[in-house]
Novice: 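I have a structure I would like to understand better, so I am pasting it below and will then ask my questions one at a time.
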Amino acid sequence: MNNKSPQATTHKEVIDKVLSRLAEAEQPLPSSLEFYRRILLAQNKIKLPDLCDISTELEMKAAQHLIQHKPVITFSDLKINWENIQQLLNELADLT
């Protein structure tokens with residue numbers, strides 16, 4: 001059974017479908033479509049976190065946090081891959 005989150009799978013499928021359609025289109029693409037195609041390619045390189053794992057972990061902590069009168073989720077609970085974000089932002093900056 002696949003434990004991947006439905007959101008991550010759907011995101012990848014949508015991007016792949018859009019990129020496939022753009023590849024089938026007449027070449028060269030208009031500049032606006034080429035710009036968005038490059039944005040999608042940059043986004044597609046980023047590995048999304050598995051939301052099922054994150055939500056399971058947060059559910060386990062939620063009761064304890066509530067008992068301690070702490071927020072259910074804090075910024076430190078978020079698993080952010082800063083290298084991926086920096087890479088994406090650099091690629092988007094290069095495109096603009």
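Both backbone and side-chain heavy atoms feed into the values below; hydrogens, waters and symmetry mates do not.
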Novice: For the OG1 atom of Thr56 and the CE atom of Met60, what is their distance to the nearest 0.5 Å?
Specialist: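 Spacing of OG1 (Thr56) from CE (Met60) equals 8.5 Å.
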
Novice: Under 4.5 Å between side-chain heavy atoms, counting indirect links through other Ile/Leu/Val/Met/Phe/Trp/Tyr residues: same cluster for Leu89 and Ile80 or not?
Specialist: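 Yes; Ile80 is reachable from Leu89 via cluster members.
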
Novice: For the CD atom on Gln86, are there more than 12 heavy atoms of other groups (residues, nucleotides or ligands in this structure) within a distance under 6.0 Å?
Specialist: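 Result for CD/Gln86: open.
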
Novice: Going through the distances and angles, do Glu24 and Arg21 end up as a side chain to side chain contact (heavy atoms under 4.5 Å, CB included)?
Specialist: CA-CA 5 Å; Glu24 294 169 0; Arg21 289 283 175 106; 4.0 Å; yes

Novice: If you group Ile, Leu, Val, Met, Phe, Trp and Tyr by side-chain heavy-atom gaps below 4.5 Å, do Ile46 and Ile39 land in one group?
Specialist: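 Yes, Ile46 connects to Ile39 through the hydrophobic network.
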
Novice: Does a donor on one side chain sit under 3.5 Å from an acceptor on the other, for Glu91 and Gln87?
Specialist: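 Side chains of Glu91 and Gln87: pair found under 3.5 Å.
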
Novice: Count I, L, V, M, F, W, Y as connected when their side-chain heavy atoms are under 4.5 Å apart, and connections chain through other members. Are Val14 and Tyr36 then in the same cluster?
Specialist: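 No; Tyr36 is not reachable from Val14 via cluster members.
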
Novice: Let's go through Leu58 and Val72 carefully: what are the C-alpha distance in whole Å and the side-chain angles of both, what is the deciding distance for side chain to side chain contact (heavy atoms under 4.5 Å, CB included) to 0.1 Å, and is it a yes or a no?
Specialist: CA-CA 8 Å; Leu58 291 176; Val72 173; 5.8 Å; no

Novice: Is any side-chain heavy atom of Leu40 closer than 4.5 Å to a side-chain heavy atom of Gln43?
Specialist: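 A side-chain contact under 4.5 Å exists here.
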
Novice: Considering residues, nucleotides and ligands other than Phe35, do more than 12 of their heavy atoms fall under 6.0 Å from its CZ?
Specialist: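 Counting other residues, nucleotides and ligands, CZ of Phe35 exceeds 12 neighbours.
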
Novice: Among Asp94, Leu95, Thr96, Asn90, which one satisfies side chain to side chain contact (heavy atoms under 4.5 Å, CB included) with Leu92?
Specialist: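 When Asp94, Leu95, Thr96, Asn90 are each tested with Leu92, the side chain to side chain contact (heavy atoms under 4.5 Å, CB included) holds only for Leu95.
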
